[in-house]
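Everything on this sheet refers to the single structure shown next.
Chain naming here is simple, since letters A, B, ... match the order of the sequence lines and numbering starts at 1 in each.
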2 protein chains.
Amino acid sequence: MATGRTHRPATRSRGIPEATVARLPLYLRALTALSERSVPTVSSEELAAAAGVNSAKLRKDFSYLGSYGTRGVGYDVEYLVYQISRELGLTQDWPVVIVGIGNLGAALANYGGFASRGFRVAALIDADPAMAGQPVAGMPVQHTDDLESIISDNGVSIGVISTPAGAAQQVCDRLVAAGVTSILNFAPTVLSVPDGVDVRKVDLSIELQILAFHEQRKAGEDVAEAAAVVPSAARAVAEAAADSSASVDGDGSGDSRKGPDGDVPAVMPA
Amino acid sequence: MATGRTHRPATRSRGIPEATVARLPLYLRALTALSERSVPTVSSEELAAAAGVNSAKLRKDFSYLGSYGTRGVGYDVEYLVYQISRELGLTQDWPVVIVGIGNLGAALANYGGFASRGFRVAALIDADPAMAGQPVAGMPVQHTDDLESIISDNGVSIGVISTPAGAAQQVCDRLVAAGVTSILNFAPTVLSVPDGVDVRKVDLSIELQILAFHEQRKAGEDVAEAAAVVPSAARAVAEAAADSSASVDGDGSGDSRKGPDGDVPAVMPA
DNA sequence: ATGTCTTTGTGAACGCGTGCACAAAGATGG
DNA sequence: CCATCTTTGTGCACGCGTTCACAAAGACAT
């Protein structure tokens, strides 16, 4: 899972709880699989199992959309697929731009899941002039200079940022100024956006750290905190390389980079 | 955001709420940035702003770790970096294996964020015999046949799955059987694991769908208002065909995992 | 020392999300 | 038409997470 939303305090969009919205895609996926197998109806119990959730929760989620089930029988698969698709806005076309075509950006461009349900990669944008015109996923990469015109010409309202952290906010600002109102951010940075703009964040590093926490807990439950603590080590590393302004690798996304996301160097614990 | 945890009902691990644990990496990143700029202390207000959270929330989060601040002054940056690192288990080495070296897997292997904070890519594993031995991110890809020995030889407890959906559960089972107890899953499938194994899911498609929901809602509400900033938004409201557009992308390859692009398809396993 | 000022740490209230448990609704069979 | 069985839809209670608001604690100046 991506690591959570950013904005949107407690907005229950049209009565549908945020937690429910986050599960609708899950249900949709399970339903689509059933649809392909020509299963006509499904019970809340079966569908819940397929989606990996509680059946009561699933029924309550569906109750927010309306009463689409038949008691004693279950839910009509096709009908539910359509209703959820419509509710999520997947019955319309969503042009998407990906900014930052490094390793991750290229992987996203090739990702089949994007092209499926209503999402269409309208353009790939990178700041590296050497990449301009080069085909990635059968589509020529365009230069950042044309970002604004690309957005407006294609009516893009959803942008994906897979640049290094240093460039993310700048790219974000330009996207928003050009009319983008939803952003999926892969760069390890907190983006600040004006009201009315949604930001969702996917942070690979954070996911791993959360796993590490639980892993440590599992391993350390029986054993008594066996950790060689050397706080001075971390302190020493931190002192090094403390230059003035943040290392602005301006465009990034070039060959010279090592990763798609220039992560903030961390303390390297021994 | 990666889309959330899977297991672990309401386990307040050692008194630290799950929501707090999920924010600790965020604080750590902000603190590390401050540390590099040699900032000695920081107030909860400043740090909260840098991490993009509420200051009261941040203080409460830190209160679960202990009283590490000084009233009237703030928090010692270096000390806090160390405390959070230790709490998250980043003071020790975490060997990680990545299974499924397609576009996404390769991007993950190159991802700098993995190598930073204590995580070390111990091995890259793929089922394609043609990939065996080929270098990715300066490391030879190994074949799935050796999965078990790789896990045990390196003492791996964290596995990353970036295979197609059809292969994910099978890979997951083997990882768990070999001793892995934490899994970061990029495949669009619900993984079932025994108790004691943590699974976190990152689902790009779901994130986009959630954004689309809010985007549609914004577009529907703004009809009345005159948000003249985005003229292109209204144009996008072209009703798409309401037929069985839910039919997914081709590629019903099913069993044969890695496709031409070897990336994660949006299809569910049967 | 004493007062003032800043900032932490936390008690308490509130709201959201979850899960239980059950009544209502409809299918099914005789 | 009635009885029975299955499954939905939801009222309710509970727990987690968030936020407010403030007292306690320490720094700092006089």
Quiz item: So, is S44(B) near the phosphate of dT7(C), with a side-chain N or O under 4.0 Å from OP1 or OP2?
Solution: no

Quiz item: Can you find a side-chain donor-acceptor pair between R59(A) and S44(A) that sits under 3.5 Å?
Solution: yes

Quiz item: Considering only heavy atoms and no angle criterion, is a donor-acceptor pair shorter than 3.5 Å present between the side chain of K60(B) and the base of dT18(D)?
Solution: no

Quiz item: Between R59(B) and dA21(D), does any side-chain N or O lie under 4.0 Å from OP1 or OP2?
Solution: no

Self-check item: Atom-pair distance (CZ on F62(B); P on dT10(C)), nearest Å
Solution: 14 Å

Quiz prompt | Between dA23(D) (P) and R71(B) (CZ): distance, integer Å | solution = 13 Å

Exercise. Answer with yes or no whether the side chains of Q83(B) and Y79(B) bring together a donor and an acceptor at under 3.5 Å.
Key: yes

Quiz item: Between atom CG in L47(B) and atom C1' in dT7(C), what is the gap in whole Å?
Solution: 14 Å

Quiz item: Rounded to the nearest Å, what distance is computed from the CG atom of residue N54(B) to the C1' atom of nucleotide dG17(D)?
Solution: 12 Å

Quiz prompt | N or O in side chain of Y75(B) less than 4.0 angstrom from dG9(C) OP1/OP2 | solution = yes

Quiz prompt | Nucleotide nearest A19(A) when distance is taken to its side chain, options dT18(D), dT10(C), dT18(C) | solution = dT18(C)

Exercise. Please report, rounded to the nearest Å, how far the C1' atom of dT18(C) is from the CG atom of L58(A).
Key: 13 Å

Exercise. Determine the sole option in I206(A), V190(A), T189(A) for which the side chain to side chain contact (heavy atoms under 4.5 Å, CB included) test with R29(B) is passed.
Key: I206(A)

Self-check item: Candidate pair T32(A) and E36(A), rule side chain to side chain donor-acceptor pair (under 3.5 Å), full reasoning
Solution: CA-CA 6 Å; T32(A) 302; E36(A) 285 168 3; over 6 Å; no

Quiz item: Quick one: does D76(A)'s side chain get under 4.5 Å of T70(A)'s, heavy atoms only?
Solution: no

Quiz item: Nearest nucleotide by nearest heavy atom, which residue falls closer to the 5' end of DNA chain C, G72(B) or V73(A)?
Solution: G72(B)

Quiz item: How long is the line joining NZ of K57(B) and P of dC14(C), in whole Å?
Solution: 19 Å

Self-check item: Protein-nucleotide distance (D61(A), atom CG; dG19(C), atom P), rounded to Å
Solution: 11 Å

Quiz item: Of the nucleotides dT10(C), dG9(D), dA27(C), which has the atom closest to the T70(A) side chain?
Solution: dA27(C)

Quiz item: To the nearest Å, how far apart are E45(A) CD and dC20(C) P?
Solution: 11 Å

Quiz prompt | Residue-phosphate contact under 4.0 Å: S43(A) side-chain N/O, dT7(D) OP1/OP2 | solution = no

